[in-house]
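Worksheet for the structure shown next.
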Amino acid sequence: GEQMAFKTLIIISAVSFALNARRINLGLLLVWVLVLVFAAAAVRNMIYFSVVAYAAAMINAGQIDLRAIVPLRFTDERFELLTGWLAKIGAIVLILGYGGDMAEYGYYDFDKYQRKSEFLGVAQRVFPAGPVDFVVRNGISGPVFNDFNAGAYLIGHASPRIKVFMDGRTELYGAKFFQEVYNRIWEGGDEEVFRTAVARYGLKAVVIGAAFSHPQRKFLKMMTGLAEWKLVYFDHDGLVFLRDIPEHQELIGKFGIDLA
């Protein structure tokens, strides 16, 4: 659905430039192209393109001479006025309908026994609140391995005590790191690559979210097979493993979980 909407925006805004070719605004076209490139490079940049694409389409539409592209019988002033009003009313109805649907978004918080709106605070069913609260509450610090979806939440709630391994800023980490290090660990459960990362980055903990998506099976199988890593948090919204080092002895003794 999101990809289809993105492609539709590209087509509509591109057609608006084509129809307005004689009066084209080169500055607007340049901005449109640049933001399109950014949007194609990272999914999160699509929102910026949507704003530019909409503005470009509206600006171009306002400069298009209808008499040059539609039959003369449809260019009567009264017809233009009527269709314009109908289009605006239709757009308002769609916006109000969509807004009404969004207002009903929510879920039931079984920890607090109440229904929660998606728009009030952080959605607990999307972010790993439990695992991250556990990390903060128990003073766990240092570099950690985390899944992609947990990165931003960790930065927001545990920085600077915690240094994340991966988050949504994929351009910052680079394609090579994402594919050859993170993906090989997270999706492939590659023990050798993980041990290399532990040694290189000094990883002390593993924080995995399970609220938004299920953890990778190969990764979990690898982690539960490593004797030097102990599971200390295990719930519906995620897991936390601690490296068996002196500074974690007390926490491991207090919270250690025997999966057997």
Side-chain angles (χ1 to χ4, degrees), residues 44 111-112 121-174 176-216 218-259:
R44 70 173 182 276
D111 292 326
K112 299 180 180 178
V122 176
Q124 305 298 310
R125 65 177 182 176
V126 177
F127 296 103
V132 176
D133 286 346
F134 178 87
V135 168
V136 174
R137 185 169 61 250
N138 292 287
I140 297 171
S141 62
V144 304
F145 179 89
N146 62 278
D147 64 290
F148 180 91
N149 293 321
Y153 193 83
L154 269 167
I155 292 173
H157 286 73
S159 180
R161 292 180 61 89
I162 292 295
K163 291 182 172 60
V164 300
F165 194 82
M166 175 58 63
D167 64 84
R169 301 168 297 171
T170 50
E171 303 97 323
L172 176 65
Y173 297 96
K176 184 176 181 180
F177 179 83
F178 185 81
Q179 295 171 358
E180 299 182 13
V181 181
Y182 172 76
N183 270 348
R184 287 181 63 181
I185 296 173
W186 178 240
E187 295 185 357
D190 194 315
E191 183 176 332
E192 182 179 351
V193 177
F194 179 69
R195 289 185 182 279
T196 300
V198 170
R200 181 174 181 179
Y201 303 108
L203 303 180
K204 295 182 178 181
V206 170
V207 183
I208 301 301
F212 183 73
S213 59
H214 295 298
Q216 295 293 324
K218 291 182 179 179
F219 175 79
L220 291 181
K221 184 176 181 180
M222 176 194 73
M223 288 303 304
T224 55
L226 297 175
E228 65 271 29
W229 289 87
K230 306 298 183 182
L231 181 64
V232 293
Y233 179 94
F234 181 28
D235 209 335
H236 72 281
D237 55 357
L239 307 94
V240 175
F241 292 86
L242 291 180
R243 191 176 174 188
D244 194 356
I245 53 180
E247 67 181 270
H248 290 156
Q249 289 304 305
E250 184 178 348
L251 291 176
I252 291 174
K254 184 178 181 180
F255 299 107
I257 298 170
D258 184 356
L259 291 176

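Just so you know, these numbers come straight off a predicted model, no measurement behind them. Side chains included, hydrogens not; waters and symmetry mates left out as well; all remaining heavy atoms used.
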More than 12 heavy atoms from other groups under 6.0 Å of CZ on Arg137: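 Counting other residues, nucleotides and ligands, CZ of Arg137 exceeds 12 neighbours.
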task: May I ask you to check whether over 12 heavy atoms, not counting those of Phe234, lie within 6.0 Å of atom CZ?
output: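 Atom CZ in Phe234 is not packed in, count stays at 12 or less.
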Looking only at heavy atoms, which two atoms of [X] and [Y] are closest? And how far apart?
X: Ile208; Y: Val206; answer: CG1-CG1, 3.7 Å
X: Ala150; Y: Pro128; answer: CB-CG, 3.8 Å
X: Gly209; Y: Pro215; answer: O-CG, 4.1 Å
X: Leu242; Y: Ala205; answer: CD2-CB, 3.8 Å
X: Ala197; Y: Ile185; answer: CB-CD1, 4.1 Å
X: Gly130; Y: Tyr233; answer: CA-OH, 3.4 Å

First locate atom [atom1] of [X], then atom [atom2] of [Y], and finally report the distance between them rounded to the nearest 0.5 Å.
X: Leu154; Y: Arg161; atom1: CG; atom2: CZ; result: 13.0 Å
X: Ile162; Y: Asn146; atom1: CD1; atom2: CG; result: 9.5 Å
X: Met222; Y: Trp186; atom1: CE; atom2: CH2; result: 9.5 Å
X: Ile245; Y: Lys230; atom1: CD1; atom2: NZ; result: 13.0 Å

Would you indicate whether the side-chain heavy atoms of [Y] and [X] approach each other to under 4.5 Å?
X: Arg195; Y: Glu191; answer: yes
X: Glu247; Y: Lys204; answer: yes
X: Val207; Y: Phe134; answer: no
X: Asp244; Y: Ile252; answer: yes
X: Lys254; Y: Leu251; answer: no
X: Ile155; Y: Asp167; answer: yes
X: Asn138; Y: Phe255; answer: yes

message: With a 3.5 Å distance limit and no angle check, can you tell me whether Arg243 reaches the backbone of Leu203 through a side-chain donor-acceptor pair?
response: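 Between the backbone of Leu203 and the side chain of Arg243 there is a qualifying donor-acceptor contact (under 3.5 Å).
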- prompt: Has the side chain of Asn183 got a donor or acceptor atom that lies under 3.5 Å from a matching backbone atom of Gly188?
  reply: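 A pair under 3.5 Å: no.
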message: Please determine whether a side-chain nitrogen of the Lys or Arg among Glu180 and Arg184 lies less than 4.0 Å from a carboxylate oxygen of the Asp or Glu.
response: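 Looking at Arg184 together with Glu180, the answer is no, because their closest N to O distance does not fall below 4.0 Å.
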message: Does the plane of the ring in Phe165 sit parallel, tilted or perpendicular to the ring in Tyr182? Use 30° and 60° as the thresholds.
response: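 Aromatic pair Phe165/Tyr182 classed tilted.
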Test side-chain contact (heavy atoms from CB on, under 4.5 Å) applied to Thr224 and Leu231, step by step: CA-CA 8 Å; Thr224 55; Leu231 181 64; 6.0 Å; no
task: State which residue, out of Trp229, Phe219, Phe241, fulfils the ring pair (Phe, Tyr, Trp, His ring centres under 6.0 Å) condition with Phe145.
output: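 Option passing the ring pair (Phe, Tyr, Trp, His ring centres under 6.0 Å) with Phe145: Phe219.
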